[in-house]
Amino acid sequence: MQDITTDFLVIGSGVAGLRAAIELASKGSVLVVTKDIPTESSTEYAQGGVAVALSDEDEVGIHFEDTIRAGDGLCREDAVRVLVEEGPDRIRELIEWGAEFDREGTKLAFTLEAAHSRRRVLHANGDSTGKELERALLSKVMSIAAISRLPFSIAADLIVEDNICAGAYILKNSKMCRVFAKATILATGGAGQAFSRTTNPAVATGDGMAIAYRAGAALEDMEFVQFHPTALYAPSAPQFLLTEAMRGEGAVLKNSSKEPFMSAYHEKAELAPRDIVSRAIISEMVRTKSNNVYLDLTHKESGFIKRRFPRIYSTCLRYDVDITRDMIPVSPAAHYIMGGVKTDLDGATNIKGLYAAGEVACTGVHGANRLASNSLLEGLVYGFRAGRAAASGTNGGTADTKNFRDNVLFEDAKDGATDIDELRSIIRRVMWDRVGIIRCGVSLSEAWDKLSEMKSLLGSTFMTRRGLELRNMLTVSLLITKAAGWRKGSIGGHYRSDFTDRGNEWKQRITLSKKDGL
Ligand code: FAD
Ligand code: SIN
């Protein structure tokens with residue numbers, strides 16, 4: 001088995017991983033490992049924008065309050081304070097590094113999204129904000145000699161002994177190698193691919209959460225999954241996101257009878273919190289026996305639509321939907337997971353030398369429901385903090401990785417299952433049908449039983465990306481299902497039709513680790 005040694009290992013090259021790498025580089029060599037091309041990430045596809053209290057009409061305190069309100073009582077207030085207070089500096093710095101946000105004249109332009117009480121969402125090239133962040137961060141990374149990159153390489157497991165992490169096993173060119181590092185940062189993003197309807201790219205298979213769980217890390221808030229109300233629903237079209245900013249700019253949701261319905265569900269109508277809009281859409285779909293509803297922007301001037309949402313306009317056109325003239329067929333899809341690897345405010349986990357940042361992590365900043373456009377900001381703020389903490393070695397780790405060299409997994413391993421694609425598809429369907437937008441005790445225990453039939457996969461080793469992802473998707477699906485079964489109440493993104501109130505113990509967070517067993 002090939003061994004590589006670096007000072008710092010970053011797994012993932014989205015906003016959180018890249019921002020962490022930049023911070024680490026002043027203190028030693030950094031290796032950024034990523035399982036596809038470097039840009040392939042949720043970050044790259046982020047549309048609406050990045051929320052930050054920088055406009056003349058806004059204040060950090062108002063951003064704080066909006067985030068807390070969206071989190072439905074479960075945000076960790078200190079984490080939110082860090083996010084909103086440090087956010088403006090991280091954005092200013094990004095602009096200095098070359099990120100170009102849209103402007104009105106010389107001033108930054110801010111849009112409105114659901115549950116924001118101010119226009120505070122910065123955007124780039126209309127609806128391609130994530131692409132611009134990824135471009136600016138990657139070009140900064142490429143200008144730093146201490147950072148090297150290893151694309152098409154997938155982290156399979158962590159190298160951990162006595163609760164100290166000394167790096168990771170990486171599958172590269174079909175061969176497993178070991179990367180030893182003094183500190184390792186997980187920045188592997190979310191787990192949307194565990195659901196059959198998702199806005200997430202193919203790389204979002206929950207790898208970091210599953211890897212950390214196997215290594216003994218604590219995971220928290222796994223029951224809280226956010227479903228985005230509006231993903232394209234058209235024959236043979238991808239589940240392409242239609243940004244909330246469209247509703248912020250006046251788009252109206254209509255049912256299959258072409259009637260607006262959101263004001264019957266919430267006083268803020270189209271701009272109600274995401275979970276409420278998603279459930280309202282499901283109710284309308286059931287009531288009208290339809291597979292989708294519509295998003296209608298046709299009352300807006302066509303030049304404005306093309307200018308403001310160029311990527312959406314051209315993508316929809318490819319599937320014969322002209323958004324300047326046609327109502328867009330949409331239905332909800334899994335979008336973001338609020339839970340993840342439990343960390344402190346510096347990204348430190350309960351394993352020494354292991355940090356996590358971005359969507360894979362759970363600082364508690366989003367509580368039970370994330371405020372729109374807070375996650376790119378989270379990646380910048382907490383990627384920076386995790387990088388800074390790992391560079392100074394505050395969470396222990398190991399200066400000397402020699403002792404770990406006997407640690408060899410994966411020797412002579414072969415893929416443990418032949419029907420990988422079929423099993424992935426079963427997991428995704430079970431999760432969407434039984435652990436989706438509306439859950440109940442019966443659906444959750446059916447899901448648990450079905451997923452448990454595949455538990456032998458958890459003990460298998462895999463030597464392909466799809467195989468490794470399958471095992472991770474199963475692990476994460478079981479964790480989500482278990483936490484959703486334990487939480488007997490409805491709060492934020494977690495809605496149970498058999499417990500529609502919060503329940504007496506709603507403030508209690510659910511933490512899972514290996515000792516709870518799967
Ligand atoms: P990602 O950007 O997903 O990066 C994860 C990285 O880890 C990738 O490079 C991936 O290849 C790599 N990786 C994963 N597993 C492994 C492995 N095993 N080994 C090696 N590498 C691995 N948020 C907002 O704030 N504003 C928005 O407008 C917005 N729009 C969105 C639109 C879409 C379509 C989607 C899907 C999400 C959107 N979000 C938005 C959410 C936001 O984009 C993500 O939460 C955020 O980008 C996550 O950043 P990250 O760095 O944590 O992970
Ligand atoms: C969107 O543009 O609607 C997505 C924003 C987000 O997920 O934060």
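In each ligand, atom 1 is the first atom listed, and ligand 1 is the first ligand listed.
- Considering both main-chain and side-chain atoms, Ala46 never comes within under 3.5 Å of ligand 1 through any nitrogen or oxygen pair.
- On a distance-only criterion, Gly190 and ligand 1 share no N/O pair closer than 3.5 Å.
- Contacts between Leu376 and ligand 2, counted as non-hydrogen atom pairs separated by less than 4.0 Å, are absent for every part of the residue.
- Of all the heavy atoms of Leu376, the ones lying under 4.0 Å from any atom of ligand 1 are found in both the backbone and the side chain.
- Only the side chain of Arg274 comes within 4.0 Å of ligand 2, judged by heavy-atom distances.
- Taking the six-membered ring where the residue is Trp, His116 and His63 present tilted rings, their angle falling between 30° and 60°.
- By the 6.0 Å and 45° rule, Arg90 stacks over the aromatic ring of Phe384.
- Asp36 and Arg465 are joined by a salt bridge, as a carboxylate oxygen and a charged side-chain nitrogen come within less than 4.0 angstrom of each other.
- For ligand 1, the atoms closer than 4.0 angstrom to any heavy atom of Ala155 are 17 (C), 18 (N), 19 (N), 20 (C).
- Considering backbone and side-chain atoms alike, Gly48 places an N or O below 3.5 Å from some N or O of ligand 2.
- For ligand 1, none of its N or O atoms has an N or O atom of Tyr45 under 3.5 Å away.
- Residue contacts with ligand 1, taken as heavy atom pairs separated by less than 4.0 Å, do not involve Glu378 at all.
- For Val50, no nitrogen or oxygen atom sits less than 3.5 Å from a nitrogen or oxygen atom of ligand 1, counting backbone and side chain alike.
- The distance from ligand 1 to the heavy atoms of Gly358 drops below 4.0 Å at these ligand atoms: 52 (O).
- Checking Phe410, Phe462, Phe404 one by one against Tyr169, the ring pair (Phe, Tyr, Trp, His ring centres under 6.0 Å) holds for a single residue, Phe410.
- Here's the thing with Gly48: one of its N/O atoms is less than 3.5 angstrom from an N/O atom of ligand 1.
- Short contacts between ligand 1 and Asp207, defined as distances under 4.0 Å to a heavy atom of the residue, involve ligand atoms 15 (N), 16 (C), 17 (C), 18 (N).
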Item to complete: Take Glu378 and Arg370 through the salt bridge (charged side-chain N to carboxylate O under 4.0 Å, His left out) test and state the conclusion after the steps.
Response: CA-CA 11 Å; Glu378 175 194 23; Arg370 176 179 63 98; over 6 Å; no
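- At a heavy-atom cutoff of 4.0 Å, ligand 1 is contacted by no atom of Glu134, backbone or side chain.
- By the 3.5 Å distance cut-off applied to N or O atoms, Lys35 is counted among the residues near ligand 1.
- Close approach of ligand 1 to Ala187 (heavy-atom distance below 4.0 Å) involves ligand atoms 5 (C), 6 (C), 7 (O).
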